[in-house]
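Single-structure report; data block below.
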Amino acid sequence: MSYWLKRASELWNKFQRNIVRLLKQNLKNKEEIDMVDMYVALVMHKRRQIAAGGPLPMVPEKYSAAVLADLNAIGLDGYGDPLVVVLPIEEPQP
């Protein structure tokens, strides 16, 4: 009987450790997503920028790729300005 209780206790502890590990991973990913959203908003409102050399502070390198991808998805560049769209010019048909 004590063997089964010991085994059940081991399995329960393993289950708890796995749950805690998964929760920590999920919270870590959630925190990174929130930071990316925050930096996207800061770039949109001209408080941060992606590239160095301007008057504004930079987005940390850790988040810059994800922030730039989100900005491009909504039509903005790394400075919060609209992307320039170049339409192809069709040559007239003779």
Side-chain angles (χ1 to χ4, degrees):
M1 180 84 173
S2 66
Y3 169 77
W4 293 110
L5 287 175
K6 185 177 179 182
R7 181 71 179 141
S9 175
E10 289 172 0
L11 289 174
W12 178 251
N13 290 336
K14 183 178 178 182
F15 171 75
Q16 286 180 326
R17 282 192 305 270
N18 286 336
I19 291 296
V20 168
R21 181 182 50 82
L22 290 172
L23 287 172
K24 285 181 179 178
Q25 272 183 338
N26 194 16
L27 289 174
K28 182 179 178 183
N29 292 340
K30 177 74 173 142
E31 179 181 319
E32 288 184 13
I33 290 171
D34 290 342
M35 292 298 288
V36 169
D37 292 341
M38 181 191 71
Y39 282 117
V40 167
L42 287 171
V43 171
M44 287 173 60
H45 293 287
K46 308 283 188 191
R47 301 288 186 211
R48 292 277 191 274
Q49 64 186 16
I50 294 289
L56 301 174
M58 285 181 44
V59 172
E61 288 184 29
K62 178 179 179 180
Y63 304 111
S64 62
V67 170
L68 187 59
D70 284 357
L71 287 169
N72 288 341
I74 58 176
L76 299 174
D77 64 4
Y79 297 100
D81 298 324
L83 288 173
V84 177
V85 178
V86 178
L87 298 174
I89 300 173
E90 294 184 20
E91 301 211 7
Q93 299 290 331

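Excluded from the calculations below are hydrogen atoms, water molecules and symmetry mates; all remaining heavy atoms, backbone and side chain alike, are included. Remember, it's a predicted structure, so these values are computed and weren't measured experimentally.
Applying the side chain to side chain contact (heavy atoms under 4.5 Å, CB included) rule to Glu61 yields no partners; only residues at least two apart in sequence or on another chain are considered. For Leu83, the side chain to side chain contact (heavy atoms under 4.5 Å, CB included) partners two or more places apart in sequence, or in a different chain, are Asn72, Asp77. For Asp81, the salt bridge (charged side-chain N to carboxylate O under 4.0 Å, His left out) test picks out Lys46, with sequence neighbours left out. Among residues two or more places apart in sequence or in another chain, the side chain to side chain contact (heavy atoms under 4.5 Å, CB included) test is passed with Met44 by Val40, Leu71, Ile74, Leu76. For Glu10, the salt bridge (charged side-chain N to carboxylate O under 4.0 Å, His left out) partners two or more places apart in sequence, or in a different chain, are Arg7.
Pairs passing the ring-ring contact (aromatic ring centres under 6.0 Å, His included) check and including a residue from residues 64-94, sequence neighbours excluded, do not occur. Within the structure, salt bridge (Lys or Arg N to Asp or Glu O under 4.0 Å) contacts touching residues 66-75 (residues at least two apart or in different chains) do not occur. Judged as a ring-ring contact (aromatic ring centres under 6.0 Å, His included), the pairs with a partner in residues 39-62 (not counting sequence neighbours) are, in order, Tyr39-Tyr63. The salt bridge (Lys or Arg N to Asp or Glu O under 4.0 Å) analysis of residues 49-60, with sequence neighbours excluded, yields no pairs. Residues in residues 51-60 take part in no side-chain hydrogen bond (donor to acceptor under 3.5 Å, both in side chains) pair, two or more places apart or across chains.
A chain of hydrophobic side-chain contacts below 4.5 Å, direct or via other Ile, Leu, Val, Met, Phe, Trp or Tyr residues, connects Met35 to Val67. A chain of hydrophobic side-chain contacts below 4.5 Å, direct or via other Ile, Leu, Val, Met, Phe, Trp or Tyr residues, connects Ile50 to Met38.
The line from CG of Leu42 to CZ of Arg48 is 5.5 Å long, rounded to the nearest 0.5 Å.
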